[in-house]
Amino acid sequence: MQRERIITIEDAAELNLGRPGEHVVALEARKADRFGEGEVTIRQLVHNALRMRPDRIIVGEVRGAETLDMLQAMNTGHEGSLTTVHANGPQEAFNRLETMVLWAREATALPLVAIRRQLCVFDVVVQQQRMADGSRKVVAIAEVAGLDALDQVQVHEVFGYQQRGMDAGGQLIGQYSASTAAPQLLATFRSYGIELEVEAWR
């Protein structure tokens, strides 16, 4: 991290990646004042971030037209960037992202297949969910595998959480399981010296 220039973009600053300095720049959106002036949007911050020579860009959450700018940033050499989006699952997340890209005025002239190809820049989707007992769990980790024959973004679940019930104390009973097929990203992990000891993938 010390060698990488990381730029965080949020509505309200919440991320704490260490003391801001040469390697971390925290940008925060601002609402207009009572005279309707001084507004700074997430989209404007993403535009400005691209001029700051970032290695990685972290957008707290995408909710609208800034999704297009985030995709363009991730498709121009800023690997390792990430963002969050509210959706019911990994596949639904791409449906939402596609819709939000279309909210950008300049995206209306783009064919859907061009937008979906850009969405394939994502490698992994991690879904967090609030459970019945009030806890939050990672319930799915999915890999993006490109477009299928119908030009839809393919998402393959790598790990999933299955709830089995609740005990007498109201705590969840469940377990994680891995997919039977090894993810395509396994080779990338190994190139970085990361070995995932999963019996199903041996």
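Worth saying up front: this structure is predicted, and the values here are computed from it rather than measured.
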Original post:
Rounded to the nearest 0.5 Å, what separation is found between the CD atom of Q163 and the CD atom of Q129?
Top reply: 8.5 Å
Original post:
Do Q162 and S177 get their side chains close enough for a donor-acceptor pair, meaning under 3.5 Å?
Top reply: yes
**OP:** Report yes or no: do M74 and V126 belong to one cluster of Ile/Leu/Val/Met/Phe/Trp/Tyr joined by side chain heavy-atom distances under 4.5 Å?
**Re:** no
Subject >> side chain to side chain contact (heavy atoms under 4.5 Å, CB included) between M52 and R5, worked out >> reply: CA-CA 9 Å; M52 300 169 71; R5 186 172 176 81; 4.0 Å; yes
**OP:** Compare every heavy atom of P90 with every heavy atom of A140, then report the nearest pair and how far apart it is.
**Re:** CB-CG, 4.2 Å
**OP:** I would like to know whether E157 and E143 meet side chain to side chain contact (heavy atoms under 4.5 Å, CB included); could you show each step before the answer?
**Re:** CA-CA 6 Å; E157 187 172 290; E143 177 182 51; over 6 Å; no
Original post:
Are any of the side-chain nitrogens in R190 or E195 under 4.0 Å away from the carboxylate oxygens of its partner?
Top reply: yes
Original post:
Quick one: does E4's side chain get under 4.5 Å of H23's, heavy atoms only?
Top reply: no
**OP:** Decide whether M100 and V155 are clustered together by the hydrophobic rule: side chain heavy atoms of Ile, Leu, Val, Met, Phe, Trp, Tyr closer than 4.5 Å, transitively.
**Re:** yes
**OP:** List the steps and the verdict of side chain to side chain contact (heavy atoms under 4.5 Å, CB included) for T83 and T67.
**Re:** CA-CA 9 Å; T83 189; T67 308; over 6 Å; no
Subject >> A49 to I9 - nearest heavy-atom pair and separation >> reply: CB-CD1, 3.9 Å
**OP:** Please name the pair of heavy atoms, one in S179 and one in A181, separated by the smallest distance, quoted to 0.1 Å.
**Re:** OG-O, 2.8 Å
**OP:** Go through the structure and list residues passing ring-ring contact (aromatic ring centres under 6.0 Å, His included) with F189, not counting sequence neighbours.
**Re:** none
Original post:
Atom CD in Q154, atom CG in D148: separation rounded to 0.5 Å?
Top reply: 5.0 Å
Original post:
Which distance, rounded to the nearest 0.5 Å, do you find between the CD of Q152 and the CD of E98?
Top reply: 7.0 Å
Original post:
If we only count heavy atoms from C-beta on, is the Q128 to K137 side-chain gap below 4.5 Å?
Top reply: no
Original post:
Hey, any chance V113 and F94 share a hydrophobic cluster, counting ILVMFWY side chains that come within less than 4.5 Å of each other, even indirectly?
Top reply: yes
Subject >> Identified side-chain contact (heavy atoms from CB on, under 4.5 Å) counterpart of I42 within the set E61, E10, E28, E66 >> reply: E66
Original post:
Any side-chain heavy atom of L112 sitting closer than 4.5 Å to one from D151?
Top reply: no
Original post:
Which heavy atom in R164 sits nearest to a heavy atom in Q175, and how many Å separate them?
Top reply: NH2-NE2, 3.3 Å
Subject >> Sole residue of V101, L97, L102, I115 in side-chain contact (heavy atoms from CB on, under 4.5 Å) with L68 >> reply: V101
**OP:** Output the distance between atom OG (S81) and atom CE (M70), rounded to the nearest 0.5 Å.
**Re:** 5.0 Å
Original post:
Of all heavy-atom pairs between D69 and V46, which one has the smallest distance, and what is that distance?
Top reply: CB-CG1, 3.6 Å
**OP:** Hey, could you give me the CG/CD1 distance between D167 and I173, rounded to the nearest 0.5 Å?
**Re:** 5.0 Å
**OP:** Would you check if V25 and I6 make a side-chain contact, meaning some heavy-atom pair closer than 4.5 Å?
**Re:** no
Original post:
Are the side chains of L82 and F122 in touch, meaning some heavy atoms are under 4.5 Å apart?
Top reply: no
Original post:
Going only through I, L, V, M, F, W and Y residues with side-chain contacts under 4.5 Å, is there a path from V85 to V124?
Top reply: no
Original post:
Hey, any chance V144 and V59 share a hydrophobic cluster, counting ILVMFWY side chains that come within less than 4.5 Å of each other, even indirectly?
Top reply: yes
**OP:** Kindly indicate whether the side chain of E92, heavy atoms from C-beta on, has any atom under 4.5 Å from the side chain of R96.
**Re:** no
Original post:
Hey, does V138 have a side-chain heavy atom less than 4.5 Å from the side chain of Y161?
Top reply: no
Original post:
Is N88 atom CG crowded by more than 12 heavy atoms from other residues, nucleotides or ligands, each under 6.0 Å away?
Top reply: no
Original post:
CG/L185 to OH/Y192 distance, rounded to the nearest 0.5 angstrom?
Top reply: 11.0 Å
Original post:
Which heavy atom of L172 sits nearest a heavy atom of S135, and at what distance?
Top reply: CD1-OG, 4.2 Å
Original post:
Taking C-beta and beyond as the side chain, do L71 and L119 meet within less than 4.5 Å on heavy atoms?
Top reply: yes
